[in-house]
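Worksheet for the structure shown next.
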Amino acid sequence: MNIGDVSRVSGLPTKTIRYYEDIGLVNPARGANGYRDFSEQDGHKLAFLGRSRSLGFSIEECRTLLSLYEDRDRASADVKDVAARHLERIAQKIEELEAMKSTLETLVTRCHGDDRPDCPILNDLAGGEVVNA
């Protein structure tokens, strides 16, 4: 398959596929003309990487997951560990986002939104007023 074909099969843009090749996540064969020649397995790997990235796994986590995917002697506990650590980071990020949301809701509520120059939102951003969420 050429890069356009594997792009359609995997659902990834060609630019992303080239990047994944550059960083060694996929290594397609090269034809005599120098063009990339992706195998069906390459297409599966790229789809796997696309799904992994859509779940927020980092490139290095994807590298680890891909190596576990290709290792038939792997322990599922190793895969679960990578996913569980990622899930913990997501939960932490959700907590941070909830705190941000709460603070912004408070600031928006406190701002009159009228013609006066006084603005609690700008005061808070400037460090002049701290709003506890």
Side-chain angles (χ1 to χ4, degrees):
M1 279 184 277
N2 67 29
I3 197 165
D5 293 335
V6 80
S7 173
R8 282 186 290 285
V9 167
S10 67
L12 294 174
T14 57
K15 185 175 182 178
T16 300
I17 294 168
R18 286 187 195 99
Y19 173 68
Y20 288 168
E21 180 185 10
D22 288 344
I23 64 172
L25 288 174
V26 291
N27 296 301
R30 293 281 180 164
N33 57 7
Y35 292 149
R36 294 169 183 86
D37 184 19
F38 292 91
S39 67
E40 187 175 324
Q41 182 63 24
D42 291 327
H44 290 298
K45 284 182 189 180
L46 288 165
F48 178 93
L49 290 166
R51 177 68 175 143
S52 298
R53 293 292 287 152
S54 76
L55 289 172
F57 286 101
S58 69
I59 292 293
E60 285 312 308
E61 288 169 326
C62 287
R63 189 181 304 281
T64 299
L65 289 169
L66 188 58
S67 107
L68 289 166
Y69 176 68
E70 294 174 327
D71 178 4
R72 293 294 170 203
D73 294 326
R74 70 183 173 267
S76 64
D78 295 336
V79 180
K80 184 176 181 176
D81 183 55
V82 173
R85 282 184 276 135
H86 182 59
L87 184 58
E88 287 173 16
R89 283 191 303 280
I90 290 172
Q92 181 180 2
K93 186 66 173 176
I94 289 170
E95 287 178 22
E96 292 168 4
L97 290 170
E98 288 291 338
M100 288 169 47
K101 179 180 179 240
S102 178
T103 299
L104 282 171
E105 284 173 341
T106 301
L107 289 170
V108 167
T109 300
R110 292 179 63 199
C111 182
H112 295 285
D114 55 19
D115 293 335
R116 295 182 296 174
D118 179 46
C119 181
I121 298 169
L122 293 177
N123 290 343
D124 180 81
L125 294 175
E129 180 181 324
V130 177
V131 175
N132 292 327

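Residues Y20 and I59 are in side-chain contact: their nearest non-hydrogen atoms beyond the backbone lie under 4.5 Å apart. Looking at H86 and I90, their side chains come closer than 4.5 Å, going by heavy atoms from C-beta outward. A heavy-atom distance below 4.5 Å is not found between the side chains of R63 and L66. Annotation: side chain of L49 is not in contact with side chain of F57 (no heavy-atom distance under 4.5 Å). You'll find the side chain of E70 reaches within 4.5 Å of the side chain of K45, heavy atoms only.
When all heavy atoms of D42 and P28 are compared, the pair lying nearest together is OD2-CA, 3.7 Å.
Of the inter-residue distances, the one linking E98 atom CD with E105 atom CD reads 8.5 Å to the nearest 0.5 angstrom. Between the CZ atom in R110 and the CG atom in D118 there is a gap of 10.0 Å [rounded to 0.5 Å]. Atom CZ of residue R53 and atom CG of residue L25 lie 9.5 Å apart, to the nearest 0.5 angstrom. Considering CZ of R36 and CG of N2, their distance stands at 10.5 Å, rounded to 0.5 Å. Here OG1 of T109 is found 9.0 Å from CD1 of I121. Values are rounded to the nearest 0.5 Å. Atoms CZ and OG, from F38 and S10 in turn, are 8.5 Å apart once rounded to the nearest 0.5 Å.
Under 4.0 Å is where a charged nitrogen must lie from a carboxylate oxygen, and between D114 and R116 at least one such pair does. The residues E88 and R85 are annotated as not salt-bridged, no charged nitrogen and carboxylate oxygen being separated by less than 4.0 angstrom. Contact check on K15 versus E21 returns no salt bridge, with no Lys/Arg side-chain nitrogen under 4.0 Å from an Asp/Glu carboxylate oxygen.
Residues V108 and M100 do not share a hydrophobic cluster, defined by chaining ILVMFWY side chains whose heavy atoms lie under 4.5 Å apart. I23 and I17 fall within a single hydrophobic cluster, where Ile, Leu, Val, Met, Phe, Trp and Tyr are joined by side-chain heavy atoms under 4.5 Å apart, directly or via other members.
Around atom CG of N33, more than 12 heavy atoms belonging to other residues, nucleotides or ligands sit under 6.0 Å away. At most 12 heavy atoms of other shown residues, nucleotides or ligands fall within 6.0 angstrom of atom CD in E40. Other residues, nucleotides and ligands place more than 12 heavy atoms under 6.0 Å from the CZ atom of R74.
Without hydrogens or angle criteria, S52 side chain to F48 main chain gives a donor-acceptor distance under 3.5 Å. At least one donor-acceptor pair under 3.5 Å links the side chain of S54 to the backbone N or O of R51. No donor-acceptor pair under 3.5 Å is formed between the side chain of D22 and the backbone N or O of Y19. The main-chain N or O of L107 is never found under 3.5 Å from a side-chain atom of D124 such that the two would form a donor-acceptor pair. Counting only distance, with no hydrogens or angles, the side chain of H112 and the backbone of C119 share no donor-acceptor pair below 3.5 Å. Put simply, the side chain of S7 gets close to the backbone of L12: a donor and an acceptor are under 3.5 Å apart.
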